[in-house]
Amino acid sequence: MEELVDRISELPEPILHNILLFLPFKQVAQTCVLSKIWERTWRRYPVLEFGGTILRGDLCRPFRMDLQKKMKRRLNCWEQVLRNRCREMMSMKKFTLDMDLCGDPEFESFANRCIWFAVERDVKELRLDFEYRNNILFKLPQSVLISGSIEFLKLRSCLLELRRFNIQLSSLKTLFLSHVFLDDHMIESLVSGCPLLEDLGFDSCQGFKSLELYGLNRLNEVKVTNNDELQRLNVEELNIHFLAIFWSSPAACDINVASCKNIKDLSLSRVCMKDNWLCNLISELSILKFLSIFDCFELESFRISSPYLQELCLSGCRNLVEISIRAPNLHVFVYSGKIISLSLNALALSKIDLELQIIGFYSQWFVKCVEYLETFRSFSQVLYLRGTMDEIISVPEDLRLILPSPLSTIKHLNSRSNKTEKITKVVDDLLWISPHTTTVSIKSSNHGVSSFEFQFSYKKQVIYEGQFASCCKSHPILCWQHCIEEVKLEIIIENYQKEKNMQSYTLKGADILEQIDALSTGYL
Amino acid sequence: MSTAATADASSSGDTTEGSVRLLTLQSEDGEVFEVKETIATQSVTIKGMVDDDCATSTIPVCNVTGRTLAMVIEWWNKHEIGAVSNEKELKEWESQFDTIDDKSDRDDVYDLLMAANYLNIPTLLDCCTSAVAEAIKGKSTDEMREFFDIKSDFDEKEEDALRKENQWAFEN
């Protein structure tokens, strides 16, 4: 009989630890019962992740005594795990604590013991993710702020205070603070005490009015989001590539970032800025590749001239009336909002994504819409087009007779529909805007998520009952219904478990439209 | 990238200009492989030897069979910069290591893991450890024992005590 050899258990411990790193922490803990080797591997595993859904939500409610009991039992177990780890002489790679402290002193003292152990064991990655409740913040032990081993630090709902020391995190590369309270003095200490910082994020933090970043030569990414008390942001770091500044509501803040000349990716949201300020900033950032601007209500009319810009996203700037873009390398243009006057000098543009706010169903609006779409006439391949609330942009019949179809180069057309219209009507609306498109993809938000993927082949010469159909006579381009040769249709249904089910059809013949409608009934 | 590789090799001195220096690797079972230095230095261990000028004669690769070493060299060749035109193609090629349902696949992955560990090849180590982890994911401890032929050396009492101690990991 062939001897079954257990080769996995013979792997060196560091390799087994590497394998375990890919598994959920609970499953890692389960492996300890497999055999003595695995038990030892578990005891020496340099990662601890305490957390889970039971520690959230209802836990703090007085009527959920059962949950709190369960939680206390679990804390006892973890306490044991921690004690076992203390017996092994090894350093820790990663420590995560993800729980609702409920203001319970027992929970807090457990958290403190965990942190003490992690810092003592030279942890490299420390995540403390506490629940923010009733303005109660966890007082972070000072030892964390003077750890020479921590490279990655993520804190949520903590209070940072210093009594005797200055912050000294000499190995820290990544720092994310969320719902953390720290004053201006702490911010200063942080900036001067983390010389190797590469990645920095402040989200919904409070306590400081001014953030000045300088002297951090390795700083690469900065995200400053929703810190609504912030009044002054000054960043003077030449090596920053990525900068995101978001406010949760429009607020006046003195922002000075123009000296970060190597920014490639810039996102601004709800920033109170005037047209001139933005233009000046963009002209300073000469290697900018990605620019996103959301909900900046003070912008009205501006001009962007940017030689390397590849992607531009403009959304929700409701007072915007006019923009002029000169960007020879622009590939992607995303716009959401009212129809504005757009002057576009972007020969490389290949993908456009438009969500247009339909204001009334007046002919005038559609005339403007068709004019707007014509701006993209000569240079796009992929178009994502929809109205607000996933309405299909349906140009009225009478206008179709007098206006030419605005687009001609689009190969792939994507849209969404939430209406119960016939699918052939939706396709007809889209293909009037961009005739002879090869593929049309329509996502429907009804009945779970289903999408319709069409692939069309067209006849080269069209003879419809011996002559052009009347609807095609007045147009330079024939309407799709009369030159369609074959349709490949895929209907994709996604159920609530996110499982996808696809059905494919190939349709031909004179009654193609009826066939499509017959297939799609019940889905839309 | 080939020009950079050439420049690299010629600077090391003991090759004629324009050609790439070859290293000789010998497996545990005596098989000999000649490998371009620029490729073999994907191994941190070999790179260290080259940097210290210790790679002039045959390099013995202990504990690695010729069969496994050939697989490692194939990995190096695919991961040489410029060898595969795009990331997607490389991922597709790597995906052959993803499933280890067959015992023979499993044996290959263990051999590769040992070799990657000895030669210190981070990319190969990552790929193989994640393949093993994928196979473990979602399996109960009994299923794991069966799949990997792990025999318990605990008696019933000991196992029960461990289960109790780590009860939190077994409940929802």
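Computed from heavy atoms alone, side chains included, the values below leave out hydrogens, waters and symmetry copies. Order of the sequence lines fixes the chain letters, A, B, ..., with proteins taken first and strands second; residue numbering starts at 1 for each chain.
- Applying the 6.0 Å contact sphere to NZ of Lys488(A) captures no more than 12 heavy atoms from other residues, nucleotides or ligands.
- Residues Ser152(B) and Ser35(A) approach most closely at CA-CB, 4.4 Å, considering heavy atoms.
- Counting heavy atoms from C-beta on, the side chains of Val33(A) and Asn166(B) never come closer than 4.5 Å.
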Is there a side-chain contact (heavy atoms from CB on, under 4.5 Å) between Phe154(B) and Glu39(A) once you walk through the steps? CA-CA 10 Å; Phe154(B) 292 121; Glu39(A) 200 232 339; 3.9 Å; yes
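- The most heavy-atom pairs under 4.5 Å with chain B, out of Ile15(A), Leu11(A), Asn18(A), come from Ile15(A).
- With hydrogens and angles ignored, the 3.5 Å screen pairs a side-chain donor or acceptor of Gln27(A) with a backbone N or O of Ile136(B).
- In Arg67(B), the CZ atom is not crowded: 12 or fewer heavy atoms of neighbouring residues, nucleotides or ligands sit closer than 6.0 Å.
- The environment of Lys26(A) atom NZ is dense: over 12 non-hydrogen atoms of other residues, nucleotides or ligands sit within 6.0 angstrom.
- Looking at Asp153(B), the atoms closer than 4.5 Å to chain A (heavy atoms on both sides) sit in the backbone and in the side chain alike.
- The backbone N or O of Leu34(A) lies less than 3.5 Å from a partner atom in the side chain of Arg145(B), making a donor-acceptor pair.
- Closest approach of Phe148(B) to Asp6(A), counting heavy atoms only: O-OD1, 3.6 Å.
- Of all heavy-atom pairs spanning Asp126(B) and Phe22(A), the tightest one is O-CZ, 4.0 Å.
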With side-chain contact (heavy atoms from CB on, under 4.5 Å) as the test, would you mind laying out the steps for Thr31(A) and Thr141(B) before giving the verdict? CA-CA 7 Å; Thr31(A) 61; Thr141(B) 48; 5.9 Å; no
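- Between Phe50(A) and Trp168(B), the ring planes lie perpendicular to each other; the angle is over 60°, past the 30° to 60° tilted range.
- Looking at Val81(A), the atoms closer than 4.5 Å to chain B (heavy atoms on both sides) all sit in the side chain, from C-beta outward.
- A salt bridge is defined here as a Lys NZ or Arg NE, NH1 or NH2 lying under 4.0 Å from an Asp or Glu carboxylate O, and Arg7(A) with Asp111(B) meets this definition.
- A salt bridge does not link Glu171(B) to Lys70(A): none of the charged side-chain nitrogens sits closer than 4.0 Å to a carboxylate oxygen.
- The residue among Ile19(A), Leu20(A), Ile37(A), Leu21(A) with the most heavy atom pairs within less than 4.5 Å of chain B is Ile19(A).
- No donor-acceptor pair under 3.5 Å is formed between the side chain of Gln30(A) and the backbone N or O of Ser140(B).
- No other option in Gln167(B), Glu158(B), Lys139(B) has as many heavy-atom pairs under 4.5 Å with chain A as Lys139(B).
- Defined by atom type and a distance below 3.5 Å, a donor-acceptor pair is present between the side-chain atoms of Asn84(A) and Glu165(B).
- Of the listed residues (Asp160(B), Asp107(B), Leu125(B)), the one with the most heavy-atom contacts under 4.5 Å to chain A is Asp107(B).
- Residue Phe25(A) places its CZ atom among more than 12 non-hydrogen atoms of other residues, nucleotides or ligands, all under 6.0 Å distant.
- Within 6.0 Å of CD in Glu79(A) there are more than 12 heavy atoms belonging to other residues, nucleotides or ligands.
- More than 12 heavy atoms of other residues, nucleotides or ligands sit less than 6.0 Å from atom CZ of Arg83(A).
- Neither the backbone nor the side chain of Asp142(B) comes within less than 4.5 Å of any heavy atom of chain A.
- Contacts with chain A were tallied for Val132(B), Thr129(B), Leu113(B); Thr129(B) has the most, counting heavy-atom pairs under 4.5 Å.
- Nearest heavy atoms, Asn117(B) versus Pro12(A): ND2-CG, 3.6 Å.
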